[in-house]
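Here's the structure we're looking at; comments come further down.
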Amino acid sequence: MMRTFEGGAAAMSRRSFLVTLGAAGMAVTFGGLSGEAFSATVASAGGGDYRPNAWVAIDADGLISIMSPASEMGQGIMTTLPLIIAEEMDADWDNVRVVQAPSDAEKYGNPGFYGVQLTGGSESTRGYYKALRLVGAQTRMVILGAAGEMLHVPAGELRAELGKVVHMPSGRVLDYGEVAAAGWLPDPLPQATEADLKPSDQWRYIGRRDIPRVDVPSKVDGTAVYGIDVQLPGMLYGAVLRAPVQGEQPESVRDAEARAVRGILHVVPLSYGVGIIGETIEATLRARELLQVKWSTSSRVRNYTSDRLLEDYRRVGRDLAQDGVNTHSAGDAEGAIAGASTVLEADYMSDHVAHAPMEPMNATALVTGDTVEIWAPTQGPTGTQGFAAEVIGTTPDKVKVNTTLLGGGFGRKAEADFIVDAVSLAKAVEGRPVKVIWSREDDIRYDKFRPLEAQHIQVGLDAEGKIVGWRHRIVADSIFARTMPELFKEQHGHDDVVTEGARFNYAVPTHRIDYLRQDNGLAIGFWFAVGVGYTRFGIECMIDEVAAATGADPVQLRLELLKDQPRARKVIETVVQIADWNRQRDGRALGLAYSDAFGTHCAQVAEVSLDRQSGEIRVHKVWCAVDPGIAIQPHHIEAMIIVGITNGTSHALFEQVNIVDGKAQEANFDTYRVIRMSEAPEIEVAVVPTAGSPIGGMGQVGLPPIGPAIANAVARLTGGVRLRHYPFLPDRVKAALEA
């Protein structure tokens, strides 16, 4: 049986470089660029013979290869992270090629994820930023030291400049290729500290808008390699028939008709389904349809019907006698609310949503004895090693993972079920690679959906309309209980991903957050912005409800509650200015929402209209101001915000998965509704970084504010009609109008 993702990862050793802040230094493991890896520009790692550390290799002709440790799934991280190293080592970016790092957590693990290789949580840039700056600084120090030996001068007389070393007194110049050709490396390697990092006013690349993404050319000319593109000699294809209800197993299988399909080689019994191996994709899918399987009926997920459970969740949230796990307390919120002049209460709910990336789940595996090689669009190479090793009965160090480009991930490709499919089938035909590609129907029906959840929020106001207490109850199942059971236990049943975003920076005197887990057996998972996507929905809509109840302007109320938060005030003031907040629109209204999730401040204004007859909402334009602290690539930040807003609009208006008796009712884009190009709003983004601030995450920042901004705009347009249930389906909108 499979174990949890993090359980597999926990068996891996931690990163071999030690990062400490302050005056301490950073030791970078000396090592080579091992094995083949897929790159945005070149298909193998290659690299020169001169290797100052595990991250950088330099050819004699000056070509510099820099490792990218994170998974590229459209967020531009394959450019951002190597650019940080290039900045500090003073490389000529025109002579840099980027190489996808192999699966090696000891060298390339993310300090923000306990040293494992995992891309998600808007943690890549935040986690690697300081470490990679130190890598770049160390590389520069190595090059200067080697050049000093070559020129017989002190290293202090040298400076690095755009791929060259300049001897300042004499003007003599060596390019990095000449240093590489000489091959001299200091022993021991120098230790870089924060004192060795370049000041921001000397940055050559960080903050520039004109540096293109390295992955785009190959995506345009068709040479990009996604997991689904992998082709290997002697490759077979696999498909898996999964149980219709999660957690059930095949009790008997009649496979004669399936085996009779031309090109079918094997039918493989699995604990969770039945695998088919054949010579073509078409043959495996045809054979899968012909399998006759009697499934067990003992899974408690058969009792899972999402509509009914959501009502149960709402009742639990309202029942203040039911205790949960207290995740945050500041003052006596219960007492303050009990003594308040006015108490506002509201329930906010969210349906399940699917990830539905354009590239469905897929993986290719080759098993040879006790070794495994995998080619996959995975967000978690370390976890992939752990799971594959468990399937084969080997150790993670004998599993090599080639991370390809990802055609979307959104948290789904941090899971390992599709990896287990490929490795399990490859085990049955040892010595031949097997590629498994999920159908779109598989991809949606057997997704790890975002949690079903309900929130109950109480806000107490004094006689002057000031907030005196805020109580937030979040009712949902846990992701960590499945994926990180030891951490879940250590945190006494708290899941800080499911509740993420509930703790805000608004200045309220008392604040309490409780998590009430509802365990109904369904495996839920990480989804784009996870908890922040719905907790900020509740918070930002409630802020507008407070404004309406007290006659305050929603902008001014937020600014008052953020009076000691200059970065927060800046993005709000910026976005209302560029949206022309006070200008009246004929038949349209504006709504505002703000978020400080992932260490980045983001405010959005949505302009919407409403067809009262049909209940359909149209989002015409969205303005956004975002402060990531340090804007490494402002143009790419704008692109990520646009993705988040578009995705967030889709999930706020259209996306839902209905589960009846344990079975997802949606299976493809004809039933799982996503936003269409004609429905996407015009989007204007202002990037307003704050010098000297810590760097924030960016990948998921754009999504949380857009849903509440839409809901708040509808309330202003309709004179106070509140939408409190994601998605805002036309029937739900009409019901709210009629209430």
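All heavy atoms count here, side chains included; hydrogens, waters and symmetry mates do not.
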To the nearest 0.5 Å, tell me how far [X] [atom1] sits from [Y] [atom2].
X	Y	atom1	atom2	value
W623	T574	CH2	OG1	15.0 Å
I706	I683	CD1	CD1	7.5 Å
K621	I645	NZ	CD1	11.5 Å
Q379	Q117	CD	CD	13.5 Å
I84	L134	CD1	CG	11.0 Å
H355	W527	NE2	CH2	8.0 Å

| task | Test side-chain hydrogen bond (donor to acceptor under 3.5 Å, both in side chains) on S122 and Q700 and set out the steps. | result | CA-CA 6 Å; S122 294; Q700 305 169 96; 3.2 Å; yes
| Would you call R569 and D627 a salt bridge, using N to O less than 4.0 angstrom? | no
| said: Please determine whether a side-chain nitrogen of the Lys or Arg among K198 and D90 lies less than 4.0 Å from a carboxylate oxygen of the Asp or Glu. | reply: yes
| query | What class does the angle between the rings of Y108 and W55 fall in, given that below 30° is parallel, 30 to 60° is tilted and above 60° is perpendicular? | reply | perpendicular
Under 3.5 Å, is there a donor on one side chain and an acceptor on the other for [X] and [Y]?
X	Y	result
T125	T80	no
E123	N110	no
S71	K413	no

| request: Might you confirm whether atom CD of Q577 has over 12 heavy atoms from other residues, nucleotides or ligands at distances under 6.0 Å? | output: no
| said: Between V165 and Y176, is there a side-chain heavy-atom distance shorter than 4.5 Å? | reply: yes
| task | Applying salt bridge (Lys or Arg N to Asp or Glu O under 4.0 Å), run through R536 and D596 and close with a yes or a no. | result | CA-CA 10 Å; R536 290 303 162 120; D596 66 337; 2.7 Å; yes
| query | Counting only N and O atoms by type, is there a donor-acceptor contact under 3.5 Å from the side chain of D175 to the main-chain atoms of V173? | reply | no
